[in-house]
Amino acid sequence: MELGAARRAVLAAVRGTCAADLPRLLHWMRNTNDFDELVVSNNDVVLKNIAEDLRSHLPIEAMFDSEHQAIQKIHQHPLPMIHVDAFLYDDDFVDSLCEEGKMSRSYCTECGSYKTASLEFISHSFSLMELKFLYQHVLPDLTGKVVVDVGSRLGAVLFAGYLYSSASQLYGVEMNADFCQLQEMMVTKYQFIDRIKVVHADICTQASLLQKADVVVMNNVFEYFLDRQEQARAWEFIACNVRKRGSLLVTVPSLRESISKLQTDIQLSQWVEEMQLNYDVYMEKDVDREALEQIHLYKIL
């Protein structure tokens with residue numbers, strides 16, 4: 001139905017409402033959330049299209065054989081765990097894959113029995129909801145600012161930053177060549193090249209980039225990709241170079257959790273101040289509040 005015909009149909013429905021119910025109908029139309037699901041922004045559609053493109057270039061687990069350390073750590077986990085990339089697969093998509101037999105949410109604790117337990121899912125990417133929360137509710141206006149995503153992987157933080165913020169430059173630092181290639185493909189296809197740059201490097205070689213950053217994003221960045229000694233070295237490097245006063249650091253999980261099991265000389269109270277976030281901005285029942293609460297924001301002192 002074209003716009004003109006739709007308008008006429010709506011007006012006809014309103015005019016056909018009995019006089020006693022008309023005030024309540026108009027009040028409902030002005031205040032209801034029932035139309036929200038029909039109003040999907042163009043930026044949301046673009047991100048979903050990017051996710052679809054990326055899925056076509058990746059296995060279901062969204063991991064490359066070149067990720068030796070991460071694959072090994074997942075296999076060594078005490079309970080069965082699988083990687084399900086939250087940017088590529090939302091809960092509805094996972095449900096459809098389970099129905100098709102391509103994925104499972106549970107495993108058998110005793111082969112041949114009915115005893116099953118839930119599989120643990122891990123993601124190294126933000127979901128669409130988490131990305132919107134990050135740029136629309138966690139971070140301030142980024143006009144003229146430089147954003148650096150440490151371990152940019154599929155580029156979700158970069159693409160969302162391009163679409164949902166006015167950041168002047170978005171840098172993704174990724175040490176895996178396969179993921180860099182995928183990001184570059186999307187940057188070219190969706191014409192993001194004017195504001196996004198993918199850097200194929202170890203973050204510990206990017207001191208100058210970290211020093212000029214206004215926002216640094218770190219989502220599950222070291223634990224599954226480096227051994228304990230390398231993690232400690234990387235965090236020391238971050239703490240030494242992310243020093244611009246007033247700049248912002250976003251981490252998942254919290255800094256305290258990330259470095260608590262490592263031997264470092266980092267004094268959090270002398271480096272950062274944690275900023276309080278409002279995790280209640282989304283009231284829908286299907287919002288994963290637990291995932292949002294894993295996002296922490298810090299201001300550099």
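- What you find for Val150 and Val221 is that their closest heavy atoms are O-CG2, 3.0 Å.
- Checking each of Leu255, Ile238, Ile259 against Ile266 for a side-chain contact (heavy atoms from CB on, under 4.5 Å) leaves exactly one that passes, namely Ile259.
- In terms of hydrophobic clustering, with Ile, Leu, Val, Met, Phe, Trp and Tyr side chains grouped at heavy-atom distances under 4.5 Å, Val281 and Met129 are assigned to a common cluster.
- In this structure, the side chain of Glu130 engages the main chain of Ser127 through a donor-acceptor pair within 3.5 Å.
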*Step by step, work out the side-chain contact (heavy atoms from CB on, under 4.5 Å) result for Val148 and Val215.*
CA-CA 6 Å; Val148 175; Val215 176; over 6 Å; no
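- Closest heavy-atom contact between Pro140 and Leu248: CD-CD1, 3.5 Å.
- For the residue pair Tyr135/Asn43, the side-chain donor-acceptor check at 3.5 Å is not satisfied.
- Using cut-offs of 30° and 60° on the angle between ring planes, the pair Phe159 and Phe192 is tilted.
- Between the side chain of Glu236 and the backbone N or O of Asp265 there is at least one donor-acceptor pair closer than 3.5 Å.
- Between Cys180 and Val198, the shortest heavy-atom distance links the atoms SG-CG1, 4.0 Å.
- Ser152 places no side-chain N or O within 3.5 Å of a backbone atom of Gly155 that could act as its donor or acceptor partner.
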*Evaluate side-chain contact (heavy atoms from CB on, under 4.5 Å) for Leu268 paired with Arg256, printing each intermediate quantity in order.*
CA-CA 8 Å; Leu268 292 180; Arg256 192 169 303 281; 4.2 Å; yes
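- The NZ atom of Lys145 sits 13.5 Å away from the CG atom of Leu170 when rounded to the nearest 0.5 Å.
- Of the candidates Val216, Leu139, Asn219, Val250 forms a side-chain contact (heavy atoms from CB on, under 4.5 Å) with just one, namely Leu139.
- In terms of modelled atom types and a separation under 3.5 Å, the side chain of Gln211 and the main chain of Asn241 share no donor-acceptor contact.
- Between the side chains of Asn49 and Tyr190, no donor N or O sits under 3.5 Å from an acceptor N or O.
- Residue Ile295 holds its CD1 atom at 9.5 Å from OG1 of Thr251, rounded to the nearest 0.5 Å.
- Atom CD1 of Ile203 sits about 11.5 Å away from atom CG of Leu226, to the nearest 0.5 Å.
- Side-chain N or O atoms of Asp214 include one that pairs as donor or acceptor with a backbone N or O of Val146 at under 3.5 Å.
- Within a 6.0 Å sphere centred on CD1 of Ile193, heavy atoms belonging to other residues, nucleotides or ligands number 12 at most.
- Nearest heavy atom pair, residue Pro253 against residue His296, reads C-CD2, 4.0 Å.
- When every heavy atom of Ser260 is checked against every heavy atom of Glu257, the shortest pair comes out as OG-O, 3.2 Å.
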_Before you tell me yes or no, could you show the steps for Val10 and Arg7 under side-chain contact (heavy atoms from CB on, under 4.5 Å), namely the whole-Å CA-CA distance, both residues' side-chain angles and the distance that decides it to 0.1 Å?_
CA-CA 5 Å; Val10 171; Arg7 283 177 172 171; 5.9 Å; no
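- In this structure, CH2 on Trp271 lies 9.0 Å from OH on Tyr298, to the nearest 0.5 angstrom.
- Leu301 and Leu249 are assigned to two separate hydrophobic clusters, defined by single-linkage of ILVMFWY side chains at heavy-atom distances under 4.5 Å.
- The two residues Leu158 and Ile196 make their nearest non-hydrogen contact at O-CD1, 3.5 Å.
- The closest side-chain heavy-atom distance from Ser41 to Asp44 is below 4.5 Å.
- At least one side-chain heavy atom of Tyr171 sits under 4.5 Å from a side-chain heavy atom of Lys212.
- Interatomic distance, Leu292 CG to Phe133 CZ, rounded to the nearest 0.5 Å: 5.0 Å.
- Among pairs with a residue in residues 193-205, those fulfilling side-chain hydrogen bond (donor to acceptor under 3.5 Å, both in side chains) read Tyr162-Asp194, at least two apart in sequence or across chains.
- Judged purely by atom type and a 3.5 angstrom limit, Ser247 has no side-chain atom pairing as donor or acceptor with the backbone of Arg243.
- One N or O on the side chain of Gln183 and one on the backbone of Arg153 form a donor-acceptor pair closer than 3.5 Å.
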*Tell me, with the steps shown, if Arg228 and Phe222 meet side-chain contact (heavy atoms from CB on, under 4.5 Å).*
CA-CA 9 Å; Arg228 288 283 182 88; Phe222 297 139; over 6 Å; no
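- Side-chain contact between Asp149 and Val173 is absent, with no heavy atoms from C-beta onward closer than 4.5 Å.
- There is a side-chain donor-acceptor pair under 3.5 Å between Thr143 and Asp141.
- A 4.5 Å side-chain heavy-atom check between Leu134 and Phe126 finds at least one atom pair inside the cut-off.
- A salt bridge between Arg55 and Asp85 is absent, with no side-chain N of the basic residue lying under 4.0 Å from a carboxylate O of the acidic one.
- Using modelled atom types, one side-chain atom of Glu174 and one backbone atom of Asn176 make a donor-acceptor pair closer than 3.5 Å.
- Put simply, the side chain of Lys48 does not reach to within 4.5 Å of the side chain of Val45, judged on heavy atoms.
- In this structure, CZ on Arg245 lies 10.0 Å from NZ on Lys299, to the nearest 0.5 angstrom.
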